Amino acid sequence: MIKIFNSRREKLATEMQSGDLVVIFANEMPSMPVSFLQDKNFYYLTGLEIPKAIFLLEKINNKSVSHLFIERGIPEMEVWEGKKMTVEEARELTGIESVQYLDRFNNFISAKLPNMERLLVNIEHLNIDDVLDKRAKFAQNARERFIHLTFQPVTNLMKNLRMIKDEWEIEQLSKAIEITERGIRHIYSQSKAGDNEAKLQAMLHYEAIAANAKHMGFSAIIAGGVNATTLHYGENNCDIDENSLVLLDVGAAWNNYSADISRTFPISGKFTPRQKEVYAAVLAVQKEIIEMVKPGVTMQELNSKTNELIIKELKNLGLIKENSEFRTYYMHSIGHHLGLDTHDLADRTKPLTAGCVITVEPGIYIKEEKIGVRIEDDILVTENGYRILSKSIPKEIEELEELCK
Ligand code: GLY
Ligand code: MN
Ligand code: MN
């Protein structure tokens with residue numbers, strides 16, 4: 001494990017210039033014991049799930065050194081919060097030699113910054129009128145006091161690393177997908193007309209928690225009938241009518257890696273003829289696009305081909321006459337990179353290479369017919385083409401009618 005995180009830090013160092021200092025803040029701990037979600041870049045480079053810590057990577061000439069600052073445990077707080085990690089433990093867990101307590105950070109950074117040229121901080125995207133968080137304030141303070149420095153968001157370097165997954169990452173994603181599959185199969189077999197969408201969500205969460213997944217990758221979309229035509233529907237609180245299709249867009253997380261799967265099925269176990277033809281159209285498009293996935297292909301190419309195929313299907317379904325009308329029934333893009341973030345950090349303009357994981361998720365949404373269909377799988381790009389990581393989650397019409405009846 002240490003080796004994996006160590007090699008990521010080495011890779012990041014090769015992306016850095018001499019004079020660069022990367023500063024990555026861990027997330028803060030919410031004041032009540034709600035579940036803690038680590039900053040994705042901090043996790044990627046350290047593997048640690050502790051709050052408040054700060055990771056630094058400096059590069060001078062050709063030498064790079066990692067530093068880690070962690071919170072010091074206060075004995076009186078132990079009864080509330082448990083024991084905090086010690087510097088020795090952090091050293092052992094991360095393989096980083098330079099580990100100190102956070103109370104040393106200000107002195108350390110004040111001595112370090114005069115010798116650096118560029119500061120790269122993990123600042124979240126902020127709107128112009130947002131209150132500055134701790135990270136943004138740190139960058140602002142550094143900017144005012146060390147005016148020779150130039151600044152960059154660290155995502156510019158991290159996206160090149162994070163868009164190519166190693167074997168361990170594929171294992172984590174596969175596990176997240178497997179747990180999601182259990183939830184989907186539970187829904188297929190146990191849900192029935194009249195159920196509230198919330199009950200289906202509970203089935204999904206039951207399987208995720210029972211499998212020891214600490215959290216979901218994103219909040220589930222469980223949408224019956226017309227609700228499925230709202231792309232980011234998240235209320236999940238309506239009763240599901242007898243003849244509805246149900247759209248599930250769900251994903252558990254495992255070691256912070258997120259699955260992202262969409263399935264659409266008839267609650268009664270039987271598609272109406274119209275639902276069947278719309279579903280078959282989306283499935284055909286999805287299969288054709290998945291076939292295109294291989295190194296060298298760009299997301300833009302997948303998008304243009306999808307648009308072309310969807311236009312053809314929408315004409316066959318009698319929904320549009322002119323090509324330009326297709327956005328009425330298909331409003332989003334074909335997919336995104338998947339990893340620590342559900343919409344993972346990546347350079348979308350770069351061609352795909354082996355190790356990229358993307359979603360392929362076409363849909364057709366017909367509000368006036370109360371039909372929304374999306375089918376989404378998670379695809380690993382391999383040397384020769386692709387592997388569907390979510391292959392075993394049923395999506396064929398006959399399978400769905402069998403499993404959901
Ligand atoms: N679940 C969000 C998406 O499919 O992109
Ligand atoms: Mn999704
Ligand atoms: Mn998606």
Side-chain angles (χ1 to χ4, degrees), residues 37 40 125 159 162-163 165 169-170 172-174 176-185 187-188 197 200-201 204-205 207-208 213 215-224 227-236 245-254 256-265 279 282-283 285-287 289-290 292-293 299-300 302-303 306-307 310 327 329-346 348 352 356-365 372-381 386-395:
L37 266 188
K40 300 303 194 315
H125 172 81
K159 65 186 175 192
R162 280 179 49 186
M163 71 184 281
K165 274 73 184 174
E169 292 182 284
I170 305 302
Q172 310 317 302
L173 281 167
S174 301
I177 292 165
E178 182 204 313
I179 292 168
T180 308
E181 171 166 1
R182 289 185 213 179
I184 292 174
R185 284 182 180 272
I187 292 171
Y188 281 172
E197 292 159 351
L200 278 60
Q201 185 167 4
L204 174 80
H205 285 191
E207 293 294 342
H215 49 86
M216 305 302 289
F218 57 94
S219 65
I221 297 170
I222 315 267
N227 293 341
T229 64
T230 302
L231 294 182
H232 280 170
Y233 175 77
E235 283 82 1
N236 305 346
L245 288 182
V246 180
L247 191 159
L248 310 172
D249 187 344
V250 296
W254 188 256
N256 294 307
Y257 285 82
S258 170
D260 187 11
I261 309 289
S262 298
R263 289 291 184 266
T264 308
F265 69 98
Y279 187 90
V282 176
L283 187 57
V285 173
Q286 200 221 19
K287 286 180 178 173
I289 297 300
I290 291 175
M292 286 175 66
V293 174
M299 293 305 284
Q300 289 94 316
L302 297 182
N303 271 317
T306 306
N307 296 351
I310 290 266
R327 283 298 181 204
Y329 298 103
Y330 169 62
M331 310 80 172
H332 51 82
S333 68
I334 188 60
H336 48 85
H337 287 256
L338 181 71
L340 285 170
D341 285 305
T342 310
H343 293 177
D344 209 26
L345 204 51
R348 277 179 71 96
L352 298 175
C356 289
V357 176
I358 61 164
T359 65
V360 173
E361 50 178 308
I364 293 178
Y365 311 91
V373 175
R374 178 162 66 253
I375 309 171
E376 174 176 26
D377 280 293
D378 302 341
I379 316 290
L380 168 67
V381 183
Y386 64 87
R387 194 169 96 220
I388 307 177
L389 299 175
S390 46
K391 195 177 170 53
S392 60
I393 308 179
K395 65 178 176 184

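The model shown is predicted, which means the values in this text are computed figures rather than measured ones. Both counts, for ligands and for their atoms, begin at 1 and track the order of listing. This chain uses plain numbering: 1 for the first residue, then up along the sequence.
Expressed to the nearest 0.5 Å, how far CD1 of I393 lies from CD1 of I375 amounts to 12.5 Å. Considering OG1 of T359 and CG of L389, their distance stands at 11.5 Å, rounded to 0.5 Å. Here the CZ atom belonging to R327 is positioned 9.0 Å from the CD1 atom belonging to I310, to the nearest 0.5 angstrom.
Ring pair H336/H343 is tilted by interplanar angle, where 30° to 60° counts as tilted.
Between S333 and R348, some side-chain heavy-atom pair lies under the 4.5 Å cut-off. A 4.5 Å side-chain heavy-atom check between T230 and E235 finds every atom pair outside the cut-off.
Of all atoms in ligand 1, numbered sequentially from 1 with element shown, those under 4.0 Å from a heavy atom of E376 are 4 (O). Taking every heavy atom of D249 and a limit of under 4.0 angstrom, the matching atoms of ligand 1 come to 1 (N), 2 (C), 3 (C), 4 (O). Interface of F218 with ligand 1, defined as ligand atoms under 4.0 Å from a residue heavy atom, comprises 1 (N).
Looking only at its N/O/S atoms, E376 has OE2 as the one nearest to the Mn ion (ligand 3). Among the heteroatoms counted here (N, O or S) of D249, OD1 is the one nearest to the Mn ion (ligand 2). Looking only at its N/O/S atoms, D260 has OD1 as the one nearest to the Mn ion (ligand 2). Atom OE2 is the N/O/S atom of E361 found closest to the Mn ion (ligand 3).
Ligand 1 is never approached by H232 to a heavy-atom distance shorter than 4.0 Å.
For atom 3 (C) of ligand 1, the nearest protein heavy atom (residue, atom name, distance) is D260 OD2, 3.4 Å. At the shortest separation from atom 5 (O) of ligand 1 among protein heavy atoms lies H343 NE2, 2.6 Å. Residue, atom and distance of the protein heavy atom nearest to atom 4 (O) of ligand 1 are E361 OE1, 3.0 Å.
Side-chain contact check for D377 and S390: at least one donor-acceptor pair (N or O, by modelled atom type) lies under 3.5 Å.
Residue H336: an N/O/S atom is found under 2.8 Å from the Mn ion (ligand 3).
The local environment of CZ in R387 is sparse, with at most 12 non-hydrogen atoms from other residues, nucleotides or ligands closer than 6.0 Å.
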